[in-house]
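Below is one structure, written out as structure tokens; comments come after it.
Below, chain A is the first sequence line, B the second, and so on; all start at residue 1.
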Amino acid sequence: MSNYTNIEKKWQKYWEDNGVFVAENASSKPKYYYLVEFPYPSGAGLHVGHVRSYTALDALARKKRMNGYNVLFPMGWDAFGAPAEQYAIKNHIHPKDAVKKNIETFKNQIKSLGLSIDWTREFSTTDPEYYKWTQWQFLKFFEHGMAYKAKKNINWCPNCKMGLSNEDSSGGVCERCGHSVEQREKEQWMLRMSDYAEDLITGLDDTNFQERIKTAQINWIGKSTGAEVTFKIKEIAEDLVVYTTRPDTLYGVTFMVISPEHPLIEKYQDKISNINDVNAYKEKAKNKTEFERTQINKDKTGVKLEGLTGINPITKEEIPIYISDYVMMNYGTGAIMAVPAHDERDFEFAKKFNIPIIPVIEQITGQKHDNEKQKRSIVAVVYDEESNKYLTINWKNLGGRLFIGGTIKENESALDCAIREIQEETGYKNIEYVDSCFPINHHYFAYNKNQYFEIESTGLLFKLINHEKTDQILDDDEIDNFIVEWKTKDEIEKEITDELHINTFKNLLNPTAYTGDGKMINSGILNGLTNKKDSIARMIEYLEEQGIGKKKTNYKLQDWVFSRQRFWGEPIPLVYCDSCGWVAVKEEDLPVLLPDVTNYEPTETGESPLASISSWVNTTCPHCGKKAKRETDTMPNWAGSSWYFLRYMDAHNDKEFASQEALKYWGKLDFYNGGMEHATRHLLYARFWNQFLYNIGLVPNKEPIETRVSHGMILGEGGVKMSKSLGNVVNPDDMIKSYGADALRCYEMFIGDYEKEVAWSEQGLNGCKRFIDRIVRIGEKVNNDRNYSKSLETLINQTIKKVTEDIDAMKFNTAVSALMILLNEFERQEEITKADYRVFLLLFNPIAPHITEELNEKYELGDIICKSSWPTYDLNKIEETEKEIAVQVNGKVRATISIHTDDSEDTIKNKALAAENVQNHIAGKEILKIIVIKNKIVNIVLK
RNA sequence: GCGGGUAUGGCGGAAUUGGCAGACGCGCUAGACUUAGGAUCUAGUGCCGUAAGGCUUGCAGGUUCAACUCCUGUUACCCGCACCA
């Protein structure tokens, strides 16, 4: 057992007995609210990762109090949810009892760390006094039409027998158990979170979240702007509406695709002549898990809807309609217009199903110029399979290496032109046409003609059949100026630099959709535009004029699936009555308590275990008094954590979820720490929930959180993840026993950048224990002087500044390092003063609160530290008057000189030049200039 | 594919506005004190070299008297999102 255990117990008891850390709800001091995500009290107990973030926030809170703030730093328990239920099922105890036991363990562990938590505000989300208000707030959503029940295809985990939100099933696997998720149609309570998509984006401007958290949220919300376009279907009266972000490519639409779940199919099944094939495909798609379906790089599949024909609203062309699982029903309208020339997925699909591909955007290469002459031309690539080489022409200094190029004559096709040019320039006559690629809009200057050109160039690929040749037909200026050469792909990629030729080559070898910007072609009203943004705007304008489309914004964010078919959650406080429908439980009847039962395992049918408790289910309608049934679904465990930070402001109020005074006094949560894994889910739910409460006038701020930070994970020794199976989990209790809580805290703060993950090292922890031992031992050198030692004054002031700034910036590692440097200096002294020692202890107290209080008391240095003020520094005493600075010769350090801060530039120059090693390096050389940066460096530049 | 991030000794990591790269700690080496040491203290410790000196912040360039830091390109790894139309 650590020799510090008794000291730690002593001070923990003192803080508790004296209520030192109890926050006041009315105070003349400025307020500050720190919160670290409350833990899920699992059976495994506290993890060293918890210790890292708890200690960091504790250090901030302790320092803030010493700076004169009324600090709220509470703690509670997020104890509903599947793990507690699973644990209870496995061990045959009631989840209530399991949770109680786990909370006790956690609380003792947390207490042994000596955190400055206000335990008077503690609660668990599973307390009826708390979940009463979770239910009450749900009823607010219900009252305002924000909650609705819908039959939905939901993500279903067959292992947990539970519906999951999109957020809980990302990647197509169950967040809890890792089993792959199926689609199942179920009636679920939903919250209209998608209504808040825009507000959840703009609200981020009022927060001080880390950039990575903001981007993660914006990404998740997935805003995109585009247009909805109405396509007529030839055979039926109903239109097919699609969503597109690229209305500028409408002229290139050559087919449409609808999702397998699209209602059109069932509605018009008698019009679809191959309905059996279509239904077979639908069935197949349904059985695929979301994960399989969203695997990219898999082959496109689909079936054409025979008997239904789409009509392009712009060109009036008839186009086929397909169903394919690459179109999702839950995004946009579940139907797309396909532009194979400019969308990779559509391109792939068109290739597979042999659908025409019409380019409407030409890639632009070269620089546009005034007074250009227009012409059409070709670039021909000839491939010889035998040698695996391509035919090129080396123009030497007249233009480098190129493929065969040429101008298309009047009444000539691109193909004829290419064949002609190949023969004329190289003589090869037996070639076979393979493919051509999209035209490129190229700008260049022809030196031989002294003229700027804008060309529309088509690329064509040929295969050489044999090496038979005819005579070349060359213009006068071509003779003797070029060599025909066969080159490999690698050589070509190195040697051909012409933008047009190399792009053509790439496009021919690897045909893909062109998704970039360019010049509009084949596009009626848009022809000639060269900017995507303009084209889109122009097209939307046109669509709106014609009444065939409108501008539209879409979000990936879906409504929140709020039902869980589980026992261990807040019961949804609604009752179904045959005459009144869904009715809210009366406020005075809240909370709707979870019944005490013996069996809380999920049912095979996927219904909540609550459904089998008829005495609980059967009730009367709060509205008409007739027989009615309770909702048996419970809430997800994100519910309780969506507003818990408000409850701490007034934790034991039994009239309201928190009083308006308390909500106004504490205002925003100033500083919130939590894992990166909650950047999208918990944090979005909490913001959504709070924005809703704000909109109905129940909380004073639209955004609940000011600053959000995330800590890096602690990995096991060697940098692998800590896990039970690897047996490398470090138990904080053991560490406290062997090294003491202060050493553990100090080590976790010193271990590295707070935001980065880092590997555990017990030797490192031992180093911090040694540091603390040395702090204790240095007490023997303390004399009775109450002023700083003269020789330490500068360093002490520097250290105060450094530690103050570092803790505020959460750079705990360098704060500890600064204190180590100060201690090293103390050890070099014969004796130190009480003031020296006390300021050290004050600075170290936020990180190691027990030992610092103990030593402060033992040596009678001053007031108890937790009630003392944070030390201040004197800027005048920070700057040294004597300094060592480096002298460089040509940027390399050759000597150091000591200067006085009052020294003139000339004095410094002379000192620098006089240094012996500098003399050695400048001897016999001419000095170009001498750069003197005051108090920093001298650089002598030689010729 | 898109978005975000990271890269510095044997290891964790420092380095304000561009100004002595490697602070501080771990580990390691030698020594002291010890019956003993997984305690403590002293000295040393980026790499090559006996030394003078040279080299060194993922890689390749650039700007500058001066670059871990700024610019261009590139590689590797990590995280988030992903057939999102």
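B:A51 and B:G4 have their P atoms separated by 49 Å, given to the nearest Å.
Checking B:A85, B:C83, B:C65 against every side-chain atom of A:K929, the shortest atom distance belongs to B:C65. Listed candidates were B:G12, B:U17, B:A85. Nearest to the side chain of A:K936 is B:U17. Residue A:Y331 has its side chain nearest to B:A85 when only B:C65, B:A85, B:C26 are considered. The side chain of A:Q888 sits closest to B:G19 out of B:G19, B:A15, B:C84. Listed nucleotides: B:A23, B:G25, B:C20. Nearest to the side chain of A:S817: B:A23. Side-chain proximity of A:V893 to B:G19, B:G27, B:C20: nearest is B:C20. Comparing atom distances between the A:V941 side chain and each of B:C65, B:C26, B:G54 picks out B:C65 as nearest. Nearest nucleotide to the side chain of A:M328, out of B:C20, B:A85, B:G12: B:A85. Of all nucleotides listed (B:A14, B:G3, B:A85), B:A85 comes nearest to the side chain of A:V327. Here the side chain of A:N219 is nearest to one of B:G25, B:G54, B:G80, namely B:G80.
Residues A:Y322 and A:F349 place their aromatic rings such that the two centres sit under 6.0 Å apart. Note: A:F750 and A:F812 fail the aromatic proximity criterion, with ring centroids not under 6.0 Å apart. Between A:Y555 and A:Y331, the distance separating the two ring centers is not shorter than 6.0 angstrom.
Here A:N824 lies in heavy-atom contact (under 4.0 Å) with sugar-phosphate atoms only. Among the atoms of the strands shown, none is found under 4.0 Å from any heavy atom of A:K223. Contacts of A:I933 with the nucleic acid, taken as non-hydrogen atoms under 4.0 Å apart, include base atoms. If you check every strand for non-hydrogen atoms under 4.0 Å, A:I931 touches a base. Backbone-only contact: A:H921 has heavy atoms under 4.0 Å from sugar-phosphate atoms and none from a base. Residue contacts shown for A:E757 are limited to sugar-phosphate atoms, with no base heavy atom under 4.0 Å away. When heavy atoms are screened at a 4.0 angstrom cut-off, A:N813 is found touching the sugar-phosphate backbone but no base atom. Note on A:K811: only backbone sugar-phosphate atoms sit closer than 4.0 angstrom, heavy atoms only; bases stay farther off.
Pairing of B:G22, defined by two Watson-Crick or G-U wobble distances under 3.5 Å, is not identified with any nucleotide. Figure legend. B:A15 is base-paired to no nucleotide; pairs are counted as Watson-Crick or G-U wobble with both atom distances under 3.5 Å. Look at B:C68: it lacks any Watson-Crick or wobble partner with both distances under 3.5 angstrom. Figure legend. B:C28 is base-paired to B:G44; pairs are counted as Watson-Crick or G-U wobble with both atom distances under 3.5 Å. Nucleotide B:G3 is matched to B:C79 when pairs are restricted to Watson-Crick or G-U wobble geometry with both distances under 3.5 angstrom. The partner of B:G38 cannot be assigned: no Watson-Crick or G-U wobble pair with both contacts below 3.5 Å exists in any strand. Pairing of B:A51, defined by two Watson-Crick or G-U wobble distances under 3.5 Å, is not identified with any nucleotide.
Between A:D343 atom CG and B:C84 atom P the separation is 8 Å, expressed in whole Å. One can place CG of A:N939 at 13 Å from C1' of B:G18, the figure rounded to the nearest angstrom. Put simply, CG on A:N890 is 11 Å from P on B:G54, counting in whole angstrom units. Taking atom CG on A:L765 and atom C1' on B:C11, their separation rounds to 16 Å, with Å as the unit. Rounded to a whole Å, the CD1 atom of A:I937 is 19 Å from the P atom of B:A15.
Mapped onto RNA chain B by nearest heavy atom, A:D346 and A:N917 fall at different nucleotides, with A:N917 at the one closer to the 5' end. Heavy-atom nearest nucleotides on RNA chain B were determined for A:R345 and for A:M820, and the one closer to the 5' end corresponds to A:M820.
Between A:R770 and the phosphate of B:C26, there is a side-chain N or O to OP1/OP2 separation shorter than 4.0 Å.
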Open item on the list: Working note: A:W760 + A:Y747, criterion ring pair (Phe, Tyr, Trp, His ring centres under 6.0 Å); need CA distance, chi angles, decisive distance, verdict.
Closed with: CA-CA 10 Å; A:W760 180 261; A:Y747 170 62; 5.1 Å; yes
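Note on A:K801 versus A:E805: salt bridge recorded, some NZ/NE/NH1/NH2 to OD/OE distance being below 4.0 Å.
A donor-acceptor pair is defined here as one N or O able to donate and one able to accept, closer than 3.5 Å; no such pair exists between the side chain of A:H900 and the backbone of A:E882.
Nucleotide B:G9 is shown with a syn base, its glycosidic torsion being within 90° of 0.
Atoms CG and OH, from A:L765 and A:Y739 in turn, are 5.5 Å apart once rounded to the nearest 0.5 Å.
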